[in-house]
Amino acid sequence: AKEEPVEAADLAEEAEKVVDSLPVPRRTQVQLALAWCLSALGAKDRAIARARQVVQIGGSRGFKLWSLEARALLAHLT
């Protein structure tokens, strides 16, 4: 049986529903991936919000690489 292809927007929406229930390291990683995905989908404001969350969490938790990548994305989006 053939299945309908899953759209990137649908996957991003599903990820946004569960991201807050994840442990902090995984949540930060998923938020960064979501920021890139949302950027590619043209949802600039949502991408910026997710990237800012990664910068905040990354700075306080020591996730330097994720924070740096989120800052790069923010520089690109703003």
Side-chain angles (χ1 to χ4, degrees):
K2 290 186 178 182
E3 294 182 25
E4 294 283 325
V6 179
E7 297 292 327
D10 295 333
L11 290 173
E13 191 173 312
E14 288 298 315
E16 285 190 296
K17 290 178 185 175
V18 299
V19 72
D20 291 332
S21 66
L22 298 172
V24 174
R26 179 67 66 204
R27 181 184 328 148
T28 307
Q29 185 179 31
V30 171
Q31 284 179 327
L32 181 56
L34 270 171
W36 282 108
C37 178
L38 293 167
S39 173
L41 291 171
K44 183 178 175 181
D45 291 338
R46 289 169 53 205
I48 289 171
R50 288 291 176 187
R52 283 186 178 148
Q53 288 175 334
V54 172
V55 169
Q56 290 173 347
I57 293 170
S60 66
R61 298 289 184 129
F63 304 142
K64 294 178 183 179
L65 184 58
W66 290 334
S67 182
L68 180 63
E69 188 176 341
R71 286 181 188 275
L73 179 58
L74 282 170
H76 174 72
L77 293 173
T78 54

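The heavy-atom pair separating S39 from A47 by the smallest distance is N-CB, 3.6 Å. A70 approaches V55 most closely through the heavy-atom pair CB-CG2, 3.6 Å. Taking each heavy atom of L77 and K44 in turn, the nearest pair found is O-CE, 2.6 Å. Nearest heavy-atom pair across A51 and A35 is N-CB, 3.9 Å. Between A8 and C37 the shortest heavy-atom distance is O-SG, 4.3 Å.
When hydrophobic clusters are built by joining Ile, Leu, Val, Met, Phe, Trp and Tyr residues whose side-chain heavy atoms come closer than 4.5 Å, directly or via intermediates, L38 is not grouped with L74. Cluster membership for F63 and W36, using ILVMFWY side-chain heavy atoms within less than 4.5 angstrom, is shared.
In this structure, the separation between CG on L34 and CZ on R50 is 5.5 Å, given to the nearest 0.5 Å. Atom CD of E13 is separated from atom CD of E7 by 12.0 Å, given to the nearest 0.5 angstrom. With values rounded to the nearest 0.5 angstrom, L73 atom CG is found 9.0 Å from T78 atom OG1.
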Under 3.5 Å, which donor-acceptor pairs link side chains of residues 20-32 to any protein atom two or more places apart or in another chain?
from, atom 1, to, atom 2, distance (Å)
S21, OG, V18, O, 2.7
R26, NH1, Q29, OE1, 2.2
R27, NE, L22, O, 3.2
R27, NH2, L22, O, 3.0
T28, OG1, V24, O, 2.8
Q31, NE2, Q53, OE1, 2.9

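The side-chain heavy atoms of R52 and I48, taken from C-beta on, include a pair separated by under 4.5 Å.
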